[in-house]
Amino acid sequence: MREENTPTNEARSLADSIQLLTTREARMKLRISQWKLYDLFRSRRLDSVRIGRRRFVPVEALRAYIQQISRESFA
């Protein structure tokens with residue numbers, strides 16, 4: 001039986017392909033405040049990109065940051 005492109009399947013596929021997170025999404029994943037997130041941007045510990053006036057966090061940058069702080073906590 002072939003799986004159709006239902007709205008839920010399309011939404012799941014889109015969610016899997018998202019490469020940029022909003023600052024709110026990044027904050028929620030890290031469970032930190034807006035001020036701490038922007039402090040990480042300013043200190044260049046977490047990369048971000050700007051599109052127009054909006055700032056986004058690449059998923060890979062978030063993963064790299066999490067790996068970095070994990071290594072630091074075990075060192």
Side-chain angles (χ1 to χ4, degrees):
M1 189 161 137
R2 199 179 104 185
E3 191 174 303
E4 294 181 29
N5 279 340
T6 62
T8 54
N9 288 339
E10 288 176 10
R12 191 174 301 128
S13 175
L14 180 61
D16 291 342
S17 67
I18 291 176
Q19 299 296 310
L20 297 174
L21 301 172
T22 64
T23 55
R24 183 177 193 282
E25 291 168 334
R27 282 190 307 112
M28 300 305 274
K29 288 189 181 290
L30 293 172
R31 296 182 175 168
I32 61 175
S33 71
Q34 174 181 343
W35 310 114
K36 180 62 179 173
L37 183 69
Y38 280 89
D39 184 46
L40 292 173
F41 294 153
R42 278 190 295 279
S43 65
R44 299 192 182 266
R45 293 194 69 201
L46 179 61
D47 291 334
S48 66
V49 296
R50 292 191 63 123
I51 300 175
R53 292 182 177 186
R54 297 187 67 192
R55 186 182 297 263
F56 297 91
V57 178
V59 172
E60 285 304 315
L62 190 65
R63 286 187 185 128
Y65 175 70
I66 293 169
Q67 287 177 348
Q68 175 189 351
I69 60 174
S70 294
R71 284 192 302 269
E72 290 172 1
S73 67
F74 290 115

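Looking only at side-chain heavy atoms (C-beta outward), Tyr65 and Asp47 stay at 4.5 Å or farther from each other. Within the 4.5 Å cutoff, no side-chain heavy atoms of Arg45 are placed close to those of Asp39. Leu21 has its side chain out of reach of Phe56: every pair of non-hydrogen atoms, C-beta onward, lies at least 4.5 Å apart.
Residues Leu62 and Ile32 share a single hydrophobic cluster, defined by chaining ILVMFWY side chains whose heavy atoms lie under 4.5 Å apart. Hydrophobic clustering (side-chain heavy atoms under 4.5 Å, transitive across Ile, Leu, Val, Met, Phe, Trp, Tyr) groups Leu37 together with Ile66. Connection of Val59 to Val49 is not established within any shared hydrophobic cluster, with ILVMFWY side chains joined at heavy-atom distances below 4.5 Å, either directly or through further cluster members.
Atom CZ of Arg31 has 12 or fewer neighbouring heavy atoms from other residues, nucleotides or ligands inside a 6.0 Å radius.
In terms of modelled atom types and a separation under 3.5 Å, the side chain of Arg27 and the main chain of Leu30 share no donor-acceptor contact.
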Determine, step by step, whether Thr22 and Arg54 satisfy the side-chain contact (heavy atoms from CB on, under 4.5 Å) criterion, reporting the C-alpha distance in whole Å, the side-chain angles of both residues, the deciding distance to 0.1 Å, and the verdict. CA-CA 8 Å; Thr22 64; Arg54 297 187 67 192; 3.6 Å; yes
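Pairing each heavy atom of Pro58 with each of Leu20, the nearest pair is CA-CD2, 3.8 Å. The nearest pair of heavy atoms linking Lys36 to Ser33 is N-OG, 3.1 Å. Between Leu46 and Phe41, the closest heavy-atom pair is O-CD2, 3.4 Å.
The side-chain contact (heavy atoms from CB on, under 4.5 Å) test with Ile69 is passed by exactly one of Arg71, Gln67, Glu72: Glu72.
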